[in-house]
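Worth knowing before you read on, the calculation uses all heavy atoms, side chains too, and leaves out hydrogens, waters and symmetry mates. Start at 1 and go down the list; that is how both ligands and their atoms are numbered.
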Amino acid sequence: MEPDEMIIPIACDHGGFEAKQALKKFITEIGHLTIDFGSHNDDSVDYPDYAILVAKAVGTGEYERGILICGSGQGMCMTANKVDNVRAALAWSPESAALSVQHNNANILCLPGRLLPVEELKAITKAWLDSSFEGGRHERRVGKIHQLTNH
Ligand code: RB5
């Protein structure tokens, strides 16, 4: 693996399936690897069943960062944030994606597969993957998020 290369668990429901297929290819093109936790077609499924797979993979520390896609991104984000050590962020722009890492140390990116063109989803994903946590004063604030639930 290259020094900055990450293996990124990725999952979707039927609302995010098409976007997931495009993003997997894109993520590989920009120098990372993906591991696909489903779903594997556009049959109707329940987003929590897929969110939990990526959230646990990241929350346990097995993987550094993950990506979840549903129609709006909301259900994936709400579910992922129930899991210990997860900070899932719903991003609608490259700027909001970058800030979610720089200031909030987001370790899961949630995307609205039905609400943005795939080229925008790619730009958001790249901005998120290219960003790093700034630490400093943000470290204390992120710590306070986890103090609320002791995890
Ligand atoms: C599925 O119809 C839709 O509700 C789901 O993809 C997601 O948008 C939920 O938050």
Side-chain angles (χ1 to χ4, degrees), residues 6-133 138 141-151:
M6 282 185 277
I7 302 174
I8 299 157
I10 186 168
C12 68
D13 72 353
H14 50 292
F17 177 70
E18 207 176 305
K20 175 172 64 87
Q21 299 309 99
L23 288 176
K24 280 196 315 182
K25 185 166 178 287
F26 175 70
I27 289 166
T28 305
E29 286 166 4
I30 60 172
H32 303 286
L33 301 171
T34 59
I35 174 162
D36 190 343
F37 285 11
S39 66
H40 297 293
N41 55 50
D42 61 6
D43 291 351
S44 181
V45 293
D46 297 336
Y47 56 81
D49 297 340
Y50 293 89
I52 199 75
L53 301 177
V54 168
K56 283 190 171 166
V58 173
T60 57
E62 188 178 357
Y63 296 95
E64 192 181 337
R65 296 197 198 182
I67 296 178
L68 291 166
I69 315 154
C70 62
S72 65
Q74 299 281 16
M76 289 294 198
C77 198
M78 290 177 188
T79 309
N81 276 316
K82 294 286 185 190
V83 173
D84 291 4
N85 305 315
V86 165
R87 292 172 302 282
L90 173 60
W92 273 80
S93 65
E95 293 76 14
S96 63
L99 277 170
S100 79
V101 179
Q102 292 162 354
H103 289 194
N104 315 111
N105 204 10
N107 51 14
I108 295 189
L109 172 66
C110 301
L111 292 169
R114 283 180 174 153
L115 303 180
L116 289 176
V118 74
E119 290 308 315
E120 283 182 44
L121 295 172
K122 288 180 188 175
I124 293 168
T125 299
K126 182 167 182 349
W128 190 73
L129 290 171
D130 287 350
S131 297
S132 304
F133 183 46
H138 303 297
R141 294 165 183 167
V142 170
K144 287 186 177 183
I145 297 174
H146 291 286
Q147 280 167 21
L148 291 170
T149 50
N150 292 320
H151 60 70

- Task: Note the single closest protein heavy atom to atom 4 (O) of ligand 1, along with its residue, its atom name and the distance in Å.
- Result: Y47 CE2, 4.6 Å
- Item | Protein residue, atom and distance nearest to atom 8 (O) of ligand 1, heavy-atom basis | S72 N, 2.9 Å
- Does H14 approach ligand 1 within less than 4.0 angstrom via side chain, backbone, both or neither, non-hydrogen atoms only? side chain
- Closest candidate by heavy atom, reference atom 7 (C) of ligand 1, pool G75, C70, G113: C70
- Task: Can you see which heavy atom on K122 is nearest to which on F26, and at what distance?
- Result: O-CE2, 3.2 Å
- Message: Please give me the minimum heavy-atom distance between I67 and L111, naming the atom from each residue.
- Response: CG2-CD1, 4.2 Å
- Message: Looking at K56, I'd like to know if its NZ atom is crowded, meaning that more than 12 non-hydrogen atoms belonging to other residues, nucleotides or ligands lie closer than 6.0 Å.
- Response: no
- Residue and atom name of the nearest protein heavy atom (relative to atom 6 (O) of ligand 1), distance in Å to one decimal: D13 OD2, 2.6 Å
- Task: Give the atoms of ligand 1, by number and element, whose distance to some non-hydrogen atom of G71 is under 4.0 Å.
- Result: 5 (C), 6 (O), 7 (C), 8 (O)
- Query: Counting only N and O atoms by type, is there a donor-acceptor contact under 3.5 Å from the side chain of D49 to the main-chain atoms of I52?
  - Reply: no
- Any heavy atom of R114 sitting closer than 4.0 Å to ligand 1? yes
Under 3.5 Å, which donor-acceptor pairs do the side chains of residues 88-108 form with other protein atoms, sequence neighbours left out?
unit_1: S93; atom_1: OG; unit_2: S96; atom_2: N; d: 3.0
unit_1: S93; atom_1: OG; unit_2: S96; atom_2: OG; d: 3.1
unit_1: S96; atom_1: OG; unit_2: W92; atom_2: N; d: 3.2
unit_1: S96; atom_1: OG; unit_2: S93; atom_2: N; d: 3.2
unit_1: S96; atom_1: OG; unit_2: S93; atom_2: O; d: 3.1
unit_1: S100; atom_1: OG; unit_2: A97; atom_2: O; d: 2.7
unit_1: S100; atom_1: OG; unit_2: W128; atom_2: NE1; d: 3.4
unit_1: N107; atom_1: OD1; unit_2: R87; atom_2: N; d: 2.7
unit_1: N107; atom_1: ND2; unit_2: N85; atom_2: O; d: 2.9

Using residues 27-38 as the side-chain source, report each donor-acceptor pair under 3.5 Å to any protein atom, sequence neighbours left out, with the distance given to one decimal.
unit_1: T28; atom_1: OG1; unit_2: K24; atom_2: O; d: 2.9
unit_1: E29; atom_1: OE2; unit_2: K25; atom_2: NZ; d: 3.0
unit_1: H32; atom_1: ND1; unit_2: M6; atom_2: N; d: 3.0
unit_1: D36; atom_1: OD1; unit_2: K20; atom_2: NZ; d: 3.0
unit_1: D36; atom_1: OD1; unit_2: G38; atom_2: N; d: 2.8
unit_1: D36; atom_1: OD2; unit_2: K20; atom_2: NZ; d: 2.7
unit_1: D36; atom_1: OD2; unit_2: K24; atom_2: NZ; d: 2.7

